[in-house]
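Predicted model, so just to flag it, every value in this text is computed and none were measured. Residue indices begin at 1 and follow the sequence shown. Quick note: numbers below take in every heavy atom, side chains included, and nothing from hydrogens, waters or symmetry partners.
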Amino acid sequence: MTSALSRHLLSACTRLGESVVDLNATDPHFASSALSMGCPITATFADTRLADVAWRALTRAHSVQALRAVDLRVARPRPTSTDPLVKTRRGTAALVLLRQLCRVSPSFNAVAEAADLGVSHRGVGLATELLKPGGYLAVVTGLYQGNGQVDDPVPRIISQAKQAGLTYLQHIIVLHVPARGEATAPTPTAALSDERELSECRALPASTRVHSDLLIFVKLAPAGPPDPPGEDVPVRRNGKGSR
């Protein structure tokens, strides 16, 4: 997750002061951009080391006052609805960022282990609980490969989000390398940078990962009760009601 993409997501999906959540965070870019744009941020990390690195980066870039709006946590990689995060943040987030983590093993099977690849039904369900009505879920994911099989998680994630009550809005291709016309131009430097950014996601060689998939969903506000049949709706003119 680059700083530029973080700022784009935040400007498109939030307003000043609205809370955001970064689930399965791997870097400080999204949290730093949220603080710069005036959004309180809660970020969960898979281990203490990643959280410590992120915190040190944030302290170098932001004031002590700004850091009061950040909450970094070490959480289970597959949290459930009973997670403490849900108890304190349920229904408050304008934007939740959820990342697809790769957990590749020598016996990897794209179908049998699909539910164990980070963005499980429980992960999408957790994000849905954290969102307030009108809030957005952004899922970052990509292809996986093992034992000669390639798995595209995008259709599965869309299905899970719809089952959780979210509405699918858009699929955005996020390029990791420059594009010239209809061709991409990967460089050794870009490949190395990509490998570091996806250090926990090595199912495909870094040289083949020229893009990530960004999926956007919205949690629609519940519709209000219909007007009673046979009654006129009052119209206000100059502060007075009339029929």
Side-chain angles (χ1 to χ4, degrees), residues 1-81 83-101 118-119 122-141 161 164 166 169 172 174 197-201 212 214-219:
M1 175 60 67
T2 64
S3 297
L5 179 57
S6 298
R7 290 192 297 270
H8 180 76
L9 271 176
L10 288 160
S11 62
C13 300
T14 68
R15 296 180 180 178
L16 180 67
E18 289 187 317
S19 298
V20 297
V21 177
D22 187 358
L23 293 177
N24 300 331
T26 57
D27 57 62
H29 300 313
F30 188 72
S32 182
S33 297
L35 293 179
S36 297
M37 299 179 71
C39 292
I41 170 75
T42 299
T44 67
F45 292 82
D47 62 64
T48 304
R49 179 185 61 83
L50 286 174
D52 288 342
V53 170
W55 177 252
R56 288 196 296 269
L58 292 173
T59 57
R60 290 192 296 267
H62 300 276
S63 66
V64 174
Q65 182 177 0
L67 291 173
R68 294 173 182 169
V70 63
D71 178 11
L72 303 188
R73 306 184 180 199
V74 177
R76 293 173 294 178
R78 292 181 295 167
T80 65
S81 59
D83 191 275
L85 177 64
V86 177
K87 296 181 180 179
T88 57
R89 297 289 188 270
R90 176 181 278 113
T92 63
L95 172 64
V96 174
L97 175 64
L98 181 59
R99 308 174 195 233
Q100 173 84 51
L101 299 179
V119 179
R122 284 171 288 182
V124 172
L126 170 66
T128 303
E129 290 194 63
L130 295 173
L131 288 173
K132 67 180 183 179
Y136 295 91
L137 169 63
V139 181
V140 180
T141 188
L166 301 179
L169 292 182
I172 301 171
V174 181
E197 186 172 322
L198 298 171
S199 59
E200 296 184 12
C201 203
S212 293
L214 176 63
L215 307 176
I216 307 295
F217 305 89
V218 65
K219 182 178 183 180

Which atom pair, heavy atoms only, marks the closest approach of [X] to [Y]?
X    : Y    : answer
A138 : L214 : CB-CD1, 4.0 Å
T14  : A94  : CG2-CB, 4.2 Å
K219 : L166 : CB-CD2, 3.6 Å
S3   : S33  : O-OG, 3.6 Å
F45  : A54  : CZ-CB, 3.5 Å
E18  : C13  : OE1-O, 4.3 Å

Interatomic spacing from [atom1] in [X] to [atom2] in [Y] - rounded to 0.5 Å:
X    : Y   : atom1 : atom2 : answer
I41  : L10 : CD1   : CG    : 7.5 Å
L50  : L72 : CG    : CG    : 11.0 Å
T59  : L67 : OG1   : CG    : 7.0 Å
F30  : T2  : CZ    : OG1   : 11.5 Å
E129 : T92 : CD    : OG1   : 11.5 Å
L130 : T42 : CG    : OG1   : 9.0 Å

### Query
Hey, does L169 have a side-chain heavy atom less than 4.5 Å from the side chain of Y136?
yes
### Query
Counting distance only, does the side-chain N/O of S32 pair as donor-acceptor with the main-chain N or O of P28 below 3.5 Å?
no
### Task
Can you spot which of T141, T26, N24 makes a side chain to side chain donor-acceptor pair (under 3.5 Å) with R99?
T26
### Task
Please say whether more than 12 non-hydrogen atoms of neighbouring residues, nucleotides or ligands are located less than 6.0 Å from NE2 in H8.
no
### Query
Applying salt bridge (charged side-chain N to carboxylate O under 4.0 Å, His left out), which residue pairs with at least one partner in residues 52-72 are found, sequence neighbours left out?
D71-R73, D71-R89
